Structures are given as C-alpha cells and as structure tokens.
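Below, chains carry the letters A, B, ... as their sequence lines are ordered, and counting in each starts from 1. Just so it is clear, the model here is predicted, and its values are computed rather than measured.
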Amino acid sequence: MLTQRPRGTADILPGAVEHWQRLETAVREVCRLYNFQEIRTPVFEHTELFARGVGETTDIVEKEMYTFMDRGNRSLTLRPEGTAGVVRAYVENKLYGNADAVKLYYLGPMFRYEKPQKGRDRQFHQYGCEVLGSEDPAVDAEVIALNLHILDNLGVKDVAVELNSVGCSVCRPLHKEEMIRRLRPVADRLCEDCQSRLERNPLRIFDCKNESCQALLVEVGAPTIVDSLCDDCRNHFDAVQSALTAMNVDFRLNPHLVRGLDYYTRTAWEYVVEGYSSIAGGGRYNSVVAQVGGPETPGIGFAGGIERVLMVLEAQSQGQKEQPQLDLYVVTVDDAGRQAAASLLQKARKQGFAADRDYLGRSVKAQFKAADRIRARYVAVLGESEVEAGRVALKNLATGEQVDLTWDDAIHQLSKGV
RNA sequence: GUGAGUGUGGCGAAGUGGUUAACGCACCGGAUUGUGGUUCCGGCACUCGUGGGUUCGAUUCCCAUCACUCACCCCA
C-alpha cells in the first residue's frame with residue numbers, strides 16, 4: 001500500500017511528460033494568439049462555491065466531490081472543474097471593472113470521485129478558456145475555434161465539433177415542462193435510467209441508447225430543445241452558426257447534445273473524435289457569475305481533458321521517432337578517465353550542451369550501448385592516454401567517425417553536425 | 001454507484017495441489033582483454049497483487065481486500 005498510488009491517480013513519467021509539455025505549450029501559444037491570459041486559481045475552494053456554481057443537482061456535486069473539513073472546521077473541496085474558481089476570482093478581484101471582456105485560460109489538475117477507467121481518473125487534468133463579460137455570438141464562435149486551433153496545432157486529427165443550443169432561463173423551463181407533460185403519462189415505458197432522467201433532466205432522454213426510449217420520444221412527439229428556443233436564443237444560435245461558417249469552422253448540429261453542468265445556457269458544444277468519448281466540451285453560462293454573487297455577467301468557456309487529448313494523439317501518431325536527447329556522452333575507460341570526466345562534462349554543459357556519463361563503472365561496451373540508448377549524438381572517450389595528452393577521442397555515433405581532439409576543439413565540434 | 005474480467009521477475013508471457021516456477025525481451029559480463037545499434041556464450045532477477053482460510057502441503061481451491069481493464073451511469 002505504501003508503494004501504491006491512490007486509486008484513480010497517475011504518475012506521469014519521463015517519456016510521457018514530454019507530451020504533456022508539448023500540449024501545455026500549444027495551449028499557451030494559441031491562447032496568446034487569441035489574446036487570452038493565464039489565470040491560476042486555488043486547487044481547493046469553499047465547498048459552497050461548487051455547490052452553487054456547478055449546480056446542486058449535478059452528478060459532480062451530488063456524488064463526485066472530494067470534500068473535507070480543514071483544521072479550522074471549514075468545508076473545502078478539491079476543484080472538480082475549472083470554471084467556478086475562475087468566476088470566483090473574477091468576482092473577488094473585480095475584474096469586471098475592465099472595459100473589455102475578460103479572456104482567461106487555465107491549466108491544471110481537477111478532482112472527481114469516480115470509478116476510474118480509460119481517460120477517467122480521480123485526479124485528471126484540464127485546460128480551459130473562459131470569456132467573461134460578453135454575449136456576442138462572435139465570442140462563442142471564437143472560443144469554439146480557439147480550441148480547434150489548439151488541437152490542430154497539436155496534430156489531433158478528425159476532430160468534429162458538435163453544436164447545440166440548450167436555451168436560457170426563459171425557454172428551457174418551458175421545454176422541460178413540455179417534455180414532462182408528454183412523457184409522464186407513459187413514464188412506465190421508459191427505461192429505469194430515463195425514468196429518473198424525466199424529473200431531473202429530461203433533455204438527457206434524447207441521449208439514451210435504449211431504442212424503446214427513442215421510439216417513445218417519437219411516439220409522443222417530444223420536442224427537441226433547439227426547436228423550442230425563444231426568439232433571443234434562436235437569433236443568438238443562428239448568429240453563432242454564421243460566425244463559425246464565416247470563420248470556416250466546420251461543425252455539425254446535434255440537437256440532442258446536453259452538457260452535464262447545470263449552468264450552461266444557449267451555446268453548448270463538444271469536440272469529438274470517432275471512437276473516443278468527447279475530448280473537450282464547453283458552453284455559455286450567462287447566470288453563473290450572478291449565481292456566485294457577482295454582477296449579472298455573461299460568460300462562456302470550454303475545457304479540454306488533457307489525458308483524453310493525449311490519448312487520442314498517441315493513438316494517431318504511432319511510430320513517430322524521438323529526438324536526440326543528449327549532445328555528448330562521456331565514456332570512461334579507467335580511473336584516470338573517470339576522474340577527468342567531471343571536468344569535461346562541466347565544460348560542455350557550460351557551453352550549453354546536454355552531457356552525461358556512466359556512473360556505474362560499466363564496461364566500455366556497455367557505456368557505448370547506453371550512449372546509443374539515450375540517443376547521444378557524440379561520445380567522448382576518456383582514458384589515461386587522453387587525459388595525459390589533454391585530448392579526447394570524439395566519436396560521432398551516427399557516422400561512426402572518430403577523431404582525436406583537444407577538449408576545446410571537441411566541444412566546438414559538438415555544435416556541428418546534426 | 002452497478003455488472004463482468006484480470007493481477008506470475010523491469011516488460012511480455014507459460015504453468016501445476018507437492019523437490020531448485022518455463023521461455024522471450026531488457027539488463028550485466030565475456031568472445032585475446034579501451035568502442036555502440038547484428039551474432040554467439042554465460043549470468044543477475046520473481047514475497048506467483050495483499051491478507052486470511054481449506055489442506056500433510058497452494059502460485060495453483062475458497063473468502064476478503066486492493067489495483068487495473070471493459071461496459072453502464074456520468075463526464076473532460
């Protein structure tokens with residue numbers, strides 16, 4: 001147990017961490033292009049924030065939060081998602097004082113107490129963007145495009161954007177009522193899951209894989225949410241679509257798309273790759289800021305699952321070769337060589353070359369194999385004769401060429417070749 | 001949370017109620033001794049997830065537990 005990580009957590013080891021860094025770099029770079037700025041908020045917040053911000057009746061709040069009492073008897077919760085904390089920071093620091101809409105992004109660990117499976121850990125990681133202070137449909141389109149840009153830069157292929165509008169506080173309740181009115185009389189013919197969905201979130205019934213439920217929806221003529229939008233929402237949704245088209249962003253309408261968090265209004269979307277669960281998703285949330293105690297402020301954002309994006313990326317990029325990791329590997333053949341090695345290594349490193357050596361006293365042959373394994377470009381052989389002459393045998397591992405040089409010349413040589 | 005499956009050396013993977021648990025890869029050493037990615041020879045390494053129980057005896061049978069995988073739920 002001592003040597004076993006907690007369930008649903010992962011060690012990100014060398015070899016994998018490079019992929020994480022690449023993703024993080026892509027997020028930062030693309031966000032810069034769209035003039036989004038990074039924000040870092042605490043990993044835990046007052047439990048209340050999530051209860052109010054994410055929604056009391058969501059699965060997240062009802063059964064997935066990591067909640068604990070601290071020594072001061074405060075109820076705190078490890079953040080299950082990123083938006084609530086960002087909104088809290090926005091309100092607390094009065095960022096709404098800005099004339100412009102505030103464009104923020106974040107990156108970091110999130111926590112949900114769930115049964116782990118592929119692409120679903122208890123500590124997982126998201127990157128996400130939020131825009132606070134504008135309900136311009138152009139913002140919706142821009143945010144949708146932004147993540148597509150990130151995924152594209154990373155080389156994720158075949159990403160489809162699924163788009164829907166889930167209405168607002170005016171039209172959604174009406175739609176919900178209508179759904180319930182039509183389905184309640186035949187509720188006993190719905191599957192078990194859908195019977196509970198009917199009261200909580202009837203929209204989800206459209207997502208049920210059970211054919212009889214789908215047939216029942218048709219039979220009772222249940223309206224989709226997009227068909228029930230109020231004029232304002234309809235216009236907004238139309239404008240978002242034209243903006244996306246104008247930006248050359250492909251999307252497909254999915255009238256059944258529902259997002260899990262209660263706070264979404266109007267635009268809701270997901271990024272899906274065939275054969276995988278959605279790798280990112282977002283939505284507009286026009287009531288969250290007020291919900292959390294700030295001034296009535298519209299917001300919109302998305303979050304991407306880092307593990308999920310990397311999973312797709314890995315599956316799609318089989319057989320990509322690694323880059324050389326080391327410029328120089330010092331092979332020592334005897335005590336004289338081993339003693340001189342440190343000095344040669346430091347000289348090389350101070351010149352900006354990545355350099356390493358053997359510390360296990362292994363044979364020359366084994367040291368060469370090690371140099372190969374870590375893809376060193378050059379090997380410098382140091383033995384008594386070299387040390388006495390103040391020289392090294394420098395071998396290019398790719399070409400097999402080996403030359404006898406002074407240390408300075410050898411280090412100079414490192415900057416040449418590939 | 002529900003259902004199913006899996007858990008043997010660093011990795012992959014055989015195996016049986018009973019003396020020293022195969023093999024492959026990797027790793028280490030050697031092949032006239034200071035040179036790599038091929039070959040040959042030799043070697044190191046396993047509390048058989050963990051804890052109980054049955055048994056003269058269990059890695060192999062039973063129970064529990066932990067972890068992982070898959071599906072559902074839900075989500076990133």
Donor/acceptor link under 3.5 angstrom from A:Lys395 side chain onto base of B:U35:
yes
Between CD of A:Glu114 and C1' of B:C70 the distance, given in whole Å, is 16 Å
| task | Indicate, with a heavy-atom threshold strictly under 4.0 Å, whether A:Glu386 touches base, sugar-phosphate, or nothing. | result | base
Suppose we call a contact any N or O donor and acceptor under 3.5 Å apart; does that hold for the side chain of A:Ser363 and the base of B:G34? no
**Asked** Do any side-chain nitrogens or oxygens of A:Arg204 fall under 4.0 Å of OP1 or OP2 in B:C75?
**Response** yes
message: Under 4.0 Å from OP1 or OP2 of B:G29: is there any side-chain N or O of A:Arg362 that close?
response: no
Taking atom types as they are modelled, is there a donor-acceptor pair under 3.5 Å from the base of B:C73 to the side chain of A:Arg197? no
Rounded to whole Å, the CZ-P distance (A:Arg5 to B:G49) equals 17 Å
Item to complete: Kindly say if A:Gln4 contacts the phosphate of B:G49, meaning a side-chain N or O under 4.0 Å from OP1 or OP2.
Response: no
In whole angstroms, the gap separating P of B:C68 from NZ of A:Lys115 amounts to 11 Å
Rounded to whole Å, NZ of A:Lys118 lies from C1' of B:C75 at a distance of 17 Å
Applying the 3.5 Å cut-off to both distances, the Watson-Crick or G-U partner of B:C28 turns out to be B:G42
Checking the side chain of A:Arg172 only, and the main-chain atoms of A:Val166 only, is there a donor and an acceptor separated by less than 3.5 Å?
yes
Please determine if A:Arg122 forms a cation-pi arrangement with A:Tyr113, meaning its NZ or CZ atom is less than 6.0 Å from the six-membered ring centre and no more than 45° off the ring axis.
yes
Notebook entry, point to check: Is A:Arg338 salt-bridged to A:Asp335, cutoff N-O under 4.0 Å?
Noted result: yes
Taking B:G34, B:C28, B:C72 as options, the one with an atom nearest any side-chain atom of A:Val381 is B:G34
Here the distance between atom C1' of B:C75 and atom CZ of A:Phe111, to the nearest Å, is 17 Å
Between B:G36 and A:Gln402, counting only base atoms on the nucleotide and side-chain atoms on the residue, is there a donor-acceptor pair under 3.5 Å?
no
Q) Touch check for A:Gly119, heavy atoms < 4.0 angstrom, all strands: base, sugar-phosphate only, or nothing? A) base
- According to a strict under-4.0 Å criterion, is A:Arg120 in side-chain N/O contact with OP1 or OP2 of B:C73? no
Nearest-nucleotide check on RNA chain B, A:Ala370 vs A:Gly281; residue mapping nearer the 5' end is A:Ala370
Derivation of the salt bridge (charged side-chain N to carboxylate O under 4.0 Å, His left out) call for A:Glu114 and A:Lys63
CA-CA 8 Å; A:Glu114 295 188 274; A:Lys63 49 187 204 196; over 6 Å; no
Pairing partner of B:A67, by Watson-Crick or G-U wobble and under 3.5 Å for both distances, is B:U6
In this structure, CD of A:Glu64 is separated from CZ of A:Phe50 (nearest 0.5 Å) by 13.5 Å
If pairing means Watson-Crick or G-U wobble with both distances under 3.5 Å, then the partner of B:A14 is none
Query raised in the report: Strictly by modelled atom types, are A:Asp227 and A:His175 linked by a side-chain donor-acceptor pair under 3.5 Å?
Result: no
**Message:** Just to be sure I understand the rule, does A:Gly128 reach a base, reach only the sugar-phosphate, or reach nothing, if contact means heavy atoms closer than 4.0 Å?
**Reply:** nothing
Sugar-phosphate, base or nothing in reach of A:Gly8, heavy atoms under 4.0 Å: sugar-phosphate
Open item on the list: Under 4.0 Å, heavy atoms only, any strand: does A:Ser385 hit a base, just the sugar-phosphate, or nothing?
Closed with: base
Next item on the list: Tell me what A:Leu397 touches on the nucleic acid: a base, only sugar-phosphate, or nothing, going by heavy atoms under 4.0 Å.
Entry: base
Closest of B:G34, B:C75, B:C68 to the A:Arg112 side chain is B:C75
Regarding the side chain of A:Asp193, the nearest nucleotide among B:G34, B:C72, B:G29 is B:C72
Taken to the nearest whole Å, CD/A:Glu64 to C1'/B:C73 is 9 Å
Between CG of A:Asp59 and C1' of B:C74 the distance, given in whole Å, is 5 Å
Any strand, both distances under 3.5 Å, Watson-Crick or G-U wobble: B:G57 pairs with none
Closest to the 5' end of RNA chain B, once A:His125 and A:Asp372 are matched to their nearest nucleotides, is A:Asp372
Sugar-phosphate only, base, or nothing, as touched by A:Ala280 at under 4.0 Å among non-hydrogen atoms
sugar-phosphate
The Watson-Crick or G-U wobble partner of B:G37, with both key distances under 3.5 Å, is none
To the nearest angstrom, the CD1-P distance between A:Ile374 and B:C27 comes to 13 Å
Query raised in the report: Is A:Asn164 reaching over with its side chain to a backbone N or O of A:Leu257, donor-acceptor style, under 3.5 angstrom?
Result: yes
